[in-house]
Structures are given as C-alpha cells and as structure tokens.
Number of protein chains: 2
Amino acid sequence: MTRIPGRALTVPPTLADVAERAGVSRQTVSNAVNNPELLRADTLVRVQEAIEELGYSPNRAARNLRTRSSHLIGLRMSPVQEFTANAAADRFVHSLVDTSREAGYQVLLFSGDATDPESGYDDLLRSTAVDAFVVTDTYLGNPQAAWLRERRAPFVAFGRPWDDPSATHPWVDVDGAAGAELATRHLLDKGHTRIAWIGWRKDSFIGEDRRSGWSRTLKERGLPTTGLASRVEDTVNSGREASAVLLDEALPTAFVCASDTLAMGVMHTLAERGMHAGEDVAVVGFDDSQTAQVMHPGLTSVRQPLEDVAIEVVSALEGLLAHPRRIAEGKLLTPTLAVRRSS
Amino acid sequence: MTRIPGRALTVPPTLADVAERAGVSRQTVSNAVNNPELLRADTLVRVQEAIEELGYSPNRAARNLRTRSSHLIGLRMSPVQEFTANAAADRFVHSLVDTSREAGYQVLLFSGDATDPESGYDDLLRSTAVDAFVVTDTYLGNPQAAWLRERRAPFVAFGRPWDDPSATHPWVDVDGAAGAELATRHLLDKGHTRIAWIGWRKDSFIGEDRRSGWSRTLKERGLPTTGLASRVEDTVNSGREASAVLLDEALPTAFVCASDTLAMGVMHTLAERGMHAGEDVAVVGFDDSQTAQVMHPGLTSVRQPLEDVAIEVVSALEGLLAHPRRIAEGKLLTPTLAVRRSS
DNA sequence: TTGAAAGCGCTAACAC
DNA sequence: GTGTTAGCGCTTTCAA
C-alpha cells in the first residue's frame, strides 16, 4: 500500500480504484486477478502495475460472499492437557496450518466445551464461516463425525471411524498397531523376551489398536504376553503404579507404553528403585513428545508422521471440496521409531 | 436447521427466509438479531421462533462486508521447536482461543517463513480478513510491531517493546525478573547461598530481564553472583555443558535457569554424575512445561499466567477496536512458582 | 478481449 | 416499532 497523503491507510483500495488507475473496467481487474489468461498481455501488465502501486488485495468478505466460500478450515482445539506429555495435537496444528497455506486455505481455530462435542461446529457451519472442518478428537469414536455427516458438512477426520466402519467420510490415521509392533520388534532385536505393555482403558479404540501391535508381535515369536499387560488411565501416576506391579509380578525386562505419559510413569518407578532406563530395563513410549526428546537419558518413542498426516488431510479436503459426491477414502500412515537411550 | 425435504441442506436460510416466515421485513429480523431491545416483545418472540425453526445464523461474509469487520484475530504461529521443552506458545494459543470466544472473536492462524517476519500479515491486512493481530514472537525486539504500527494495523503484543520504549501499541507481558526472583528467593529459603544462573545469550532481552531477577536478589542479600552465571543457547546440551562447568568451577548448590530446556540440561549433568536433583543440587526452570510436570522427580519451574495474559490481550484488543485513538498501555503480569521435588 | 448489469446477504440511515 | 432504500466489494452472466 503506497502511502496516499490525506487518505487514511485504514481504507484499503478496491477493485474500482485499480480499474480507474489502470484505465479499464472493474471486471477486467477481477479477471487480471482470477483469470489472467483472459487478458491481452499489455492490459495485464498495466493492471498488475496498478495493483502493485495501490497495494491492492481483494476484499475477503466481498469475495467470500460472492463465491460462497471462505477458504477457511475450521479446527476445534481440544482442551489443554497438563501433567501429561501429550503434545501431538499442537504439533499437528502447526503442520496443518503450513500445509493449508500451500493449498490456499487458512485455519480458523475454535473451542467448544468438552461436554458438548457439537458446540462450535453448528454456528460456523450455518453462518458459512468455514468451507470445511478438520476433526481430530476421535479417540473414543467420534460423535461429531456422524453429526457433521448428517448435515452434509464437508470434513476430514484425523482418526479412523472406529465405531462405524461403514462411515463414508474421508479420514487419515496413523497405524498404531504398526507403531507398537515397531517398538516391540526393536526390543526383541535388543534381546528382550519379556516385554510388558502398559496401555489405556479397554474402551479406547486407539489403545486397543496399539496394544494389538505389541501382542501380535510377541505371539508371532512364541513369546508370552499373559500377565505382562496393564490397562490404566493415561496419567504419569497410573504408569508408575502399573509398572511397579508388573516389575514385581511379571519380571519384564522391557516396557512398551501407549503414550509417553505412561512411559514417564515407568521412569518414575525405575528412578525410585535406583534402576536405570536403558541399562536395567528398556522403555519405549508413544508420540515422541518434547519430554521424550529432552529428558535424561532420552526416551525411545514411536513418532507419528504428523506432517504427512496434514498433507493427506489437506489433500482429502481439496478432493472433497472439488468433488462433493466423490466416495470417501481412508488413508493409513505408518509411524517411525525415534530410538534413544532408554532402550 | 430443520430438514426441508427436497431442498439441499447446503443452502442455509437467509434473513429474507426468516422475514417471510415471521411475516416481518428483513430489517426487523436483523434488528431481532443485533438490537433485540428495539422490537416489541411479541414481534421479537415471533422472529426468534422463525429463526429457531429455520436454524438461521447470519451469513458471516455478508455481515463482514457490510460492517467492515470480521471478528477474527490473526495470530501467526511460530515454527515448532523440537528438542526443547518450550510449549508456552501453544498453551497461550489455547487460552487466547478460549478468551477470544467469550469476547465474540475467533482466531485465524497463519504461518509465515521465519526469514520474513512480515509475510502473512500484509495480505491479511489488505484484504481486511482480520480485525486485529496478536503478535507473540517478540523475543528479540519485534520488527512486526513497527511494521504494523506504520500501517495503522490494530494489534496487541504479548511481549514488551524492549527495543523501543517509546512504542505506543498496547502490550501485555510477564515479569521475567520477578519470576527469577521468585525462584531465587525460594532457593534462599531452602538455605542455598551459592545459586547459579544459566540463561540465554546477551542479545536476548527476555533472557537479560530474567537474569536481572536472579542477580538483584542475590545482591540484596549480599551473596555472590560472580562466576556463577552462564549465557548459552537455549538447548538441552548447552544447559548440560554450562552446568558441568559451573559445578566444577563455582561449586553452586542450586541452579536457576532461563528455561525448562536449560534446566533439563542441568538434569542431564546431574544424572551423569550420579547426583540427584532436589537432594544434592536444587534446580529451578522457567515455563512450567509438560516436561517439568511429568519428569522424575518433578522440576520446580516459574509459571507464566498465560490464561491471564490472554484475558489482558483480548481486553486490550477490545479497547483498541472500540477506541482506535486511545493511548496504548502496557500491562505486566507476575508469574508464580510451581514447586516440585527438584528444589 | 473488454465492459455493463445484476446480485450474493447483510446492516446503516432514514422514512413511516 | 417497523419498513424501505441503498450499497458494502466482489464475481457471474451475458452483451459488445
């Protein structure tokens, strides 16, 4: 925006201003912006110069009104979890923002109270404030998915529709079983044969999925799983208590945990007993949190490819918005293992 | 939205639909939504029923176009930092989203490449996509602040204008010196007299501010600071190395660190030497990260009142948008100390 | 290849 | 208290 003396900078130039300056009609300016190939080369140059000189950007509200699309993606933030090592959601938001931008979209954040999963979505949808949603909190089924589908709202889920295999919306997820398998195989390679599992309550689909990767890997090798598994809440203290019991009763030499939070609980138990992770007992967590990265001695952890998840989510979103009736697809990505000194 | 057979749900009702159903003019519906006190009670009820029945929400684009405001706040995400314990930015985003909603605003996230601080702001501003910005990354002065001010863009900064005390924009910040003082006093109360500081490079305003809280507290008590301070990069390894040198050369019994990341570095050194935090040496970090909360044995850390920061930021934003010419104010909040077993 | 007309859905200003 | 008129800035349709 060049500084025009006397005119407030707070009133940005419009299409008409550019048209006047370039000596063309408003429509031609619009075409220069949206369909430059329609203009003769010299006209295009003249218009672009005027745009540059005035610092013109199309008014978003006017464009949104006319095109009935906002190029905004709605994302509901799940509440902050303190006293856990879970930061996957935040890492994902970063990736999503970056990827969306490349696709010409921006992310509108909103929050809703935890008790009402639909709150927030409804208003945004009816006011056509966003073109689509990205739904992330699908840990225990996802009521929003059914709700959004019913309203024909375009959305992509990060997380499988566990509770409804017939669901027809696009989704992207990370193969938790493969992650746990990766972790378990890594420990097998290190010579461990008694490998314990500390996971979440049985009603957690994600927890059971991850657990299955551990159990199937041990069973494949004919190794025991009985008495070596524990299902608890996702807190440090639960992990601490569960690992203490397991150490006493099942004598494992390694732990695979459904989260870094639980793995930190194991670390507490080890420290309390004067044992050292990576020397006396191996520990592997899940999510590659900042804590896993900075703690002593470094926690081996399954890392979700959240950057790739974001790419797939945005790609699905583009498909969805371009072809609303297209059949939905699911995409399952494979995690990696960040090996550190705890194993 | 009631389901109207034959009509696609993707075309939401408009003001005109509601007006027709309620048997009033469009303007009256608009008033019912925006100035209900102007309507006679029975008319209001009738209109509200129609709104309810049709599931009407005002179209945002149309409203934004007409009112020249979007009720959106732009927030640029700083890049993800891995291998640190810094998550204050993410915690702040959560608080900001929640607080904004209460004030009728939503948060639009955008990203820009790290090399060009203005990228992203410019387009959003010229296209009138957001009403205001919240600027957070002010650790080394804030070039965006000057840039935004020059363009008369409404914004509130989380972070003082360190490099320009004459800056006239509203800001909110947390008193880092008070935080470090809190940490240092806590250690003095525990009987420590040789308290070391590990902080950031000298060109970090925030780092020097925090450091001053440590040094002034010790000087007040007539205790030594010489040789007890180290200025390094904000990485775990820097903290590890700096603490090793300090332990050897200055024999401190406690450490105050400018970040939890640095504090974790101290933890590494202690572990490597078979020493125990909280028993042999006390350690205090800064930011109350998830890592501080979940690690063994728990890291005492200065906690920024980010929820309050968000409240003050939104409040300043409201003032700014309501009275654009009002003189700017700065607000300094005091942190607290989360005491854990490392001290 | 360029221009003119119409209208997206809403609200400010004013008339009744 | 309620209705009428106009127009925010843009793009779609159609004519030149």
Side-chain angles (χ1 to χ4, degrees), chain A residues 1 8 10-48 50-51 54-71 104 123-129 131, chain B residues 1 8 10-48 50-51 54-71 104 123-129 131:
Chain A
M1 265 181 264
T10 45
V11 180
T14 71
L15 211 57
D17 298 329
V18 179
E20 193 186 353
R21 187 177 192 103
V24 296
S25 76
R26 284 161 43 204
Q27 184 49 37
T28 300
V29 179
S30 176
N31 283 337
V33 174
N34 300 306
N35 303 92
E37 73 281 1
L38 291 180
L39 300 206
R40 211 173 44 213
D42 61 326
T43 321
L44 181 58
V45 169
R46 220 166 64 243
V47 174
Q48 281 172 339
I51 288 176
L54 293 173
Y56 169 75
S57 283
N59 178 298
R60 287 264 266 260
R63 175 177 268 183
N64 295 350
L65 176 59
R66 188 65 240 230
T67 62
R68 298 171 172 285
S69 90
S70 63
H71 280 235
D123 182 58
L124 247 25
L125 190 56
R126 299 194 306 191
S127 62
T128 64
D131 288 353
Chain B
M1 270 181 259
T10 44
V11 181
T14 71
L15 210 59
D17 297 329
V18 178
E20 193 185 354
R21 186 176 193 105
V24 296
S25 75
R26 285 160 40 199
Q27 184 52 39
T28 300
V29 179
S30 176
N31 283 337
V33 174
N34 300 306
N35 303 92
E37 73 283 0
L38 291 179
L39 300 207
R40 209 172 46 212
D42 60 328
T43 321
L44 182 57
V45 169
R46 222 168 62 245
V47 174
Q48 282 173 337
I51 288 175
L54 293 174
Y56 169 76
S57 283
N59 180 298
R60 288 262 267 259
R63 174 177 272 183
N64 294 350
L65 177 59
R66 188 63 241 230
T67 63
R68 296 170 174 287
S69 89
S70 63
H71 280 235
D123 182 59
L124 247 24
L125 190 57
R126 298 194 305 190
S127 63
T128 65
D131 288 354

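- Taking CD of B/Q27 as the reference point, atom CG of B/L15 lies at 8.0 Å (rounded to 0.5 Å).
- To the nearest 0.5 Å, atom CG of residue B/L124 and atom CG of residue B/D131 are 11.0 Å apart.
- Summarising the geometry, atom OG1 belonging to B/T28 is positioned 11.5 Å from atom CG belonging to B/N35; distances are rounded to the nearest 0.5 Å.
- In 5' to 3' order, the nucleotides of DNA chain C bounding all contacts with chain A (an atom under 4.0 Å from a heavy atom) are C/dT1 to C/dG9.
- B/N59 places a side-chain N or O within 3.5 Å of a backbone atom of B/A61 that can act as its donor or acceptor partner.
- Side-chain N/O atoms of B/S70 and B/N64 include no donor and acceptor closer than 3.5 Å.
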- For each nucleotide in nucleotides 8-16 of chain D, reading 5' to 3', give B when a protein heavy atom comes within less than 4.0 Å of its base, S when such contact involves only the sugar-phosphate, and - otherwise. BBBBB----
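- Evaluation of the side chain to side chain contact (heavy atoms under 4.5 Å, CB included) rule for A/R66 yields no partner, not counting sequence neighbours.
- At distances below 3.5 Å, at least one donor-acceptor pair connects side-chain atoms of A/R46 with backbone N or O atoms of A/A22.
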